[in-house]
Amino acid sequence: MSISVAQREVVIIMGPSGSGKSTLLAIAGGLRRPTLGRVIVNGTDITGLNDRQLAEMRLHTIGFVFQEFNLFDSLDVMGNLELVLSRAGVPRKNATARANELLNILGLSHRKDYRVRMLSGGERQRVAIARAVVNNPVLILADEPTASLDGVRGREIMSMLRMVAHDMGKAIVLVSHDHRVLDYADRVVWLEDGLLEDREPASMASPVHGA
């Protein structure tokens, strides 16, 4: 099976529980190695990279958004972004400027001094998106980013992800069981029995497709 994702495209992968959606995402992000085939990100075959090279690739080229946010609760919003930038070797002054710029774009500047544990679930996920984007990667991978959010907050997150793709030029691959996200997809892919199949979002609207 194969899948290609273009710049400025939001691709949503759906399928039954246990079909391998999260595994596919982990392989695409270099967190797991495939037993067969290749993974090419921004022209680089990452399946041939060693662990150190993969870590560098993830730091600079791939951003991750998780269902459970995976933020540092003891840090404030700014600190979470600056930490990622510092790991990439960005000088502190430049890191602060970049974080401020991104928080302004994403509408989070009024929360930059808040500890993460003080934020709502929707705000935490918005910070997680900012963290995923802060190093200017080409690819964003999101695993069930709306699963723990209500309808309003879920739509806010999907609107933000779509803006990140279309306005910032990122390729986004999103795994979800949530049919509310379909309105934000440029393309929907169904994964089942090891096969990937392009589907029209309208054909996925029925709950019988969910799992």
Side-chain angles (χ1 to χ4, degrees), residues 3-14 25 28-29 40-44 57-67 69-71 77-78 80-85 87-88 90 94-112 114 116 119-147 149-176 178-189 198 200-202 204:
I3 182 173
S4 297
V5 184
Q7 188 180 26
R8 292 185 170 84
E9 186 176 32
V10 178
V11 174
I12 296 178
I13 300 176
M14 305 190 83
L25 213 64
I40 298 174
V41 179
N42 202 31
T44 298
M57 171 66 71
R58 290 192 296 268
L59 184 59
H60 295 283
T61 310
I62 305 171
F64 296 88
V65 180
F66 302 96
Q67 177 180 344
F69 319 128
N70 286 8
L71 299 168
V77 170
M78 179 68 79
N80 270 271
L81 271 60
E82 288 178 332
L83 180 62
V84 176
L85 289 161
R87 287 177 173 174
V90 178
N94 293 351
T96 300
R98 168 61 179 162
N100 274 318
E101 175 188 30
L102 187 59
L103 290 173
N104 284 331
I105 293 172
L106 298 182
L108 286 166
S109 58
H110 64 299
R111 288 287 189 264
K112 68 179 182 180
Y114 280 59
V116 168
L119 303 179
S120 68
E123 288 172 333
R124 291 186 187 196
Q125 196 60 292
R126 289 165 65 193
V127 175
I129 293 171
R131 180 191 58 186
V133 174
V134 73
N135 273 340
N136 200 28
V138 298
L139 173 65
I140 305 293
L141 303 175
D143 193 0
E144 299 280 6
T146 64
L149 305 177
D150 61 28
V152 172
R153 301 296 175 259
R155 287 189 290 274
E156 288 178 355
I157 292 305
M158 288 307 303
S159 293
M160 181 176 285
L161 286 170
R162 188 171 174 84
M163 183 272 288
V164 166
H166 292 184
D167 296 352
M168 297 185 184
K170 311 304 178 187
I172 293 184
V173 179
L174 186 151
V175 162
S176 184
D178 185 355
H179 286 75
R180 298 172 299 179
V181 307
L182 294 173
D183 290 341
Y184 301 88
D186 295 304
R187 184 154 53 99
V188 178
V189 176
D198 281 325
E200 293 294 327
M204 306 287 291

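Values in this document were obtained by computation on a predicted structure and should not be read as measured data. The analysis underlying the following values was restricted to heavy atoms, covering all of them including side chains, and did not include hydrogens, waters or symmetry mates.
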**Q.** Approximate separation, where rounding is to 0.5 Å, of Arg58 CZ and Asn135 CG
**A.** 13.5 Å
(Q) Within the structure provided, determine whether Gln125 and Met160 are in side-chain contact (heavy-atom separation under 4.5 Å). (A) no
Q: Quick one: list whatever passes side chain to side chain donor-acceptor pair (under 3.5 Å) with Arg180, sequence neighbours left out.
A: Asp178
Q) Taking all non-hydrogen atoms of both residues, which atom of Ala165 and which atom of Ile172 are closest, and how far apart? A) CB-CD1, 3.8 Å
Q | Main-chain N/O of Leu149 paired to Thr146 side chain as donor or acceptor, under 3.5 Å | A | no
(Q) Please give me the minimum heavy-atom distance between Ser159 and Tyr184, naming the atom from each residue. (A) OG-CE2, 3.4 Å
Q | Atom pair CD1 (Ile62) and CG (Asn42), whose distance is rounded to the nearest 0.5 Å | A | 9.5 Å
**Q.** Within 6.0 Å of CZ in Phe66, more than 12 heavy atoms from elsewhere
**A.** yes
**Q.** Minimum side-chain heavy-atom gap Thr61-Thr44 below 4.5 Å
**A.** no
Q) Once you round to the nearest 0.5 Å, how far does CG of Asn104 lie from NE2 of His110? A) 11.0 Å
Q.
Please enumerate all residues that pass side chain to side chain donor-acceptor pair (under 3.5 Å) together with Ser176, with sequence neighbours excluded.
A. none
Q) Do Leu139 and Val173 touch side chain to side chain, with heavy atoms closer than 4.5 Å? A) yes
Q) What salt bridge (charged side-chain N to carboxylate O under 4.0 Å, His left out) pairs are there with at least one residue in residues 127-144, not counting sequence neighbours? A) none
Q.
Give me the atom names and distance for the closest heavy-atom approach of Val84 to Leu59.
A. O-CD1, 4.1 Å
Q.
Just so I know, are the side chains of Val133 and Ile105 near enough to count as touching, which here means a heavy-atom distance under 4.5 Å?
A. no
Q) Judged by atom type as modelled, is there a donor-acceptor pair below 3.5 Å linking the side chain of Asp186 to the main-chain atoms of Val10? A) yes
Q | Least distance between heavy atoms, Ala6 atom then Ala171 atom | A | O-CB, 3.3 Å
Q.
Measuring from atom CD of Glu9 to atom OG of Ser4, what distance do you get when rounded to the nearest 0.5 angstrom?
A. 9.0 Å
Q. Measuring from Phe69:CZ to Asn80:CG, what's the distance to the nearest 0.5 Å?
A. 12.5 Å
Q) In Å, rounded to the nearest 0.5 Å, how long is the span from CD1 of Ile129 to CG of Leu108? A) 9.0 Å
Q: Could you give me the CA-CA distance, side-chain angles and deciding distance for Leu71 and Leu119, then say whether side-chain contact (heavy atoms from CB on, under 4.5 Å) is met?
A: CA-CA 11 Å; Leu71 299 168; Leu119 303 179; 5.9 Å; no
Q | For Thr96, all residues meeting side-chain contact (heavy atoms from CB on, under 4.5 Å), sequence neighbours excluded | A | Glu82, Arg92, Asn100
**Q.** Minimal non-hydrogen separation, Ile12 against Ala185, with atom names
**A.** CD1-CB, 3.5 Å
Q: Please report the closest heavy-atom contact between Ala130 and Leu103, naming both atoms and the distance.
A: CB-CD2, 4.5 Å
Let me have the donor-acceptor pairs involving side chains of residues 151-158, under 3.5 Å, with sequence neighbours excluded, atom names and distances please.
none

Q) Can you name the residues that form a side chain to side chain donor-acceptor pair (under 3.5 Å) with Asn136, not counting sequence neighbours? A) Lys170
Q) Is the closest basic N to carboxylate O distance between Arg98 and Glu101 below 4.0 Å? A) yes
